[in-house]
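Input: a single structure, listed below in structure tokens.
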Amino acid sequence: MKETLLVKHAVSGRTFFDTRLKAIPYQVEPSNEGWLFSIETKRDENVEALLEFREELNVFIFREPEDEPVLKTWYYIKDGPVVYDDQAGKLLISAQSSIPYYPHEYSQ
Amino acid sequence: MIKVLPAAERHETDMGWLQSRPVYSFGGYQDPSRSGFGAMRVCNDDRLAPGKGFGAHPHSDMEIVSIVLEGEIRHEDSLGNNVTTSFGEVQVMSAGSGVIHTEFNASSETELRLLQLWFMPDVRGKAPDYKAGAFSVEGLRNTLLPVVSSKAGDGTLPIGQDMTIFLSRLDAGGELVHQSAADRKQFLYVIEGSLNASGTALGADDVAEIQRQEALVLSAVSETFFMLIDMP
């Protein structure tokens with residue numbers, strides 16, 4: 001199954017991470033009552049811009065089983081926290097809730 | 001203080017199926033000096049080709065108002081709403097903790113024109129909500145008709161921000177006065193016609209950002225259709 005992580009700015013649509021375009025190591029695991037995303041990345045200009053918009057992020061996981069439609073899951077970040085762990089070299093994004101959806105189930 | 005953003009200086013996006021004139025930074029149009037005004041983050045004047053639209057996508061913590069000016073829009077969302085609205089109707093989606101939705105031109109023949117307005121909510125993380133409602137098109141004439149307001153009532157749709165959206169169609173030579181506290185902001189969008197806002201001339205598609213104006217005097221030069229938003 002193909003899996004994609006996508007992190008975008010909700011207003012501008014600016015893409016911060018898209019593993020279809022550039023593979024990066026990441027993990028998603030349950031944490032408290034939500035999920036914790038750990039993204040291995042340098043603290044570069046892209047990460048600084050993401051942190052500036054930490055309250056306006058759209059975080060998705062796309063899962064595409066072979067011969068089946070893509071299942072998109074959108075994660076609600078609210079207050080995060082969204083932080084960069086300098087020691088671990090990881091961007092940490094905490095999500096509070098999620099909505100899974102199949103795009104084809106909505107009218108076109 | 002009244003700052004005019006002339007129509008001629010507005011950015012235009014043409015994607016074939018979508019022609020958009022954003023007042024503030026949106027999508028591929030990014031201007032750090034134009035990231036919003038008061039509680040308003042987005043004001044797009046969109047034209048969608050027949051049958052075209054925005055596929056399923058999420059929103060959160062944003063009050064999103066759609067005002068149809070021409071044609072029909074079909075909205076569907078993860079809350080179970082599937083609603084078509086046309087001129088004389090308004091939609092308010094309080095995205096809160098999250099909603100997935102689509103928006104399409106409901107017609108296979110005619111263009112859709114709508115104003116898409118996004119506002120920061122007064123409280124983040126609320127349960128999402130969607131409402132659509134109608135206003136009296138005849139009731140716009142020579143008055144400031146509230147169509148969306150936190151002080152909901154008498155047919156206005158509620159919104160999760162301390163604000164009111166008025167629409168008006170003012171006869172040539174007509175005059176209206178909007179009173180507001182000095183710490184409030186007003187956003188004026190001339191949809192059709194031309195008017196003077198406390199002495200400042202505005203034509204069709206011009207926008208004005210207004211601050212520290214306790215009495216805003218609106219005088220129509222020609223018959224004018226406009227939107228006025230009072231917000232923090």
Side-chain angles (χ1 to χ4, degrees), chain A residues 4-18 21 32-35 37 45-46 48-64 69-82 93-108, chain B residues 13 17 20 22 24-32 34-36 40-44 51-62 64 73-84 95-106 108 116 118-121 123-128:
Chain A
T4 300
L5 168 70
L6 182 63
V7 183
K8 301 181 76 170
H9 180 221
V11 180
S12 70
R14 174 176 173 174
T15 299
F16 296 111
F17 295 102
D18 183 345
L21 305 176
N32 298 320
E33 292 181 1
W35 295 266
F37 289 77
E45 189 183 332
N46 185 54
E48 294 296 346
L50 180 151
L51 292 171
E52 188 179 332
F53 294 116
R54 67 183 79 206
E55 292 187 350
E56 296 180 343
L57 296 179
N58 274 332
V59 178
F60 302 86
I61 294 286
F62 298 166
R63 293 191 175 90
E64 297 176 66
V70 59
L71 171 64
K72 296 187 175 184
T73 304
W74 169 80
Y75 292 86
Y76 177 49
I77 305 305
K78 198 185 179 194
D79 301 321
V82 179
I93 301 174
S94 294
Q96 275 72 53
S97 59
S98 70
I99 304 176
Y101 64 101
Y102 287 104
H104 70 274
E105 290 183 348
Y106 288 81
S107 59
Q108 302 293 307
Chain B
T13 298
W17 63 275
S20 183
Y24 302 111
S25 296
F26 186 82
Y29 164 58
Q30 291 300 309
D31 179 348
R34 305 225 43 78
S35 59
M40 180 183 264
R41 284 299 306 272
V42 170
C43 175
N44 294 346
K52 300 296 184 181
F54 306 97
H57 62 281
H59 287 289
S60 61
D61 290 326
M62 202 65 79
I64 299 175
I73 188 170
R74 186 177 67 248
H75 161 101
E76 184 180 358
D77 65 42
S78 53
L79 306 174
N81 299 293
N82 194 335
V83 179
T84 298
S97 59
V99 60
I100 308 295
H101 84 139
T102 61
E103 285 176 302
F104 278 83
N105 183 340
S108 58
Q116 292 262 24
W118 295 17
F119 303 90
M120 303 298 289
V123 177
R124 287 163 54 86
K126 289 196 294 192

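Residue numbers begin at 1 in each chain, while the letters A, B, ... track the order of the sequences.
To the nearest 0.5 Å, the span separating CG on B:D61 from CG on A:D79 amounts to 8.0 Å. In this structure, A:K72 NZ and B:H57 NE2 are separated by 11.0 Å, a value rounded to the nearest 0.5 Å.
Contact of the B:P58 side chain with the A:Y101 side chain is registered, since non-hydrogen atoms from C-beta on lie closer than 4.5 Å. Side-chain contact between A:V11 and B:Y24: absent, with no pair of heavy atoms (C-beta onward) separated by less than 4.5 Å. A:R14 is not listed as a side-chain neighbour of B:Q30, based on a closest heavy-atom distance of 4.5 Å or more.
Only the backbone of B:S25 comes within contact range of chain A, judged by heavy atoms closer than 4.5 Å. For A:Y102, no part lies under 4.5 angstrom from a heavy atom of chain B. Only the side chain of A:S97 comes within contact range of chain B, judged by heavy atoms closer than 4.5 Å. Looking at A:E56, only its side chain comes within 4.5 Å of chain B, counting heavy atoms on both sides.
Of the listed residues (B:S97, B:G27, B:G125, B:S78), the greatest number of heavy-atom pairs within a distance under 4.5 Å of chain A belongs to B:S97.
For A:E48, the CD atom sits in a packed shell: over 12 heavy atoms of surrounding residues, nucleotides or ligands are nearer than 6.0 Å.
Residue B:A56 comes nearest to A:Y106 through the heavy atom pair CB-CD1, 4.0 Å, listed as atom of the first residue, atom of the second, then distance. Listed here is the closest heavy atom pair of B:R41 and A:H9: NH2-CE1, 4.4 Å.
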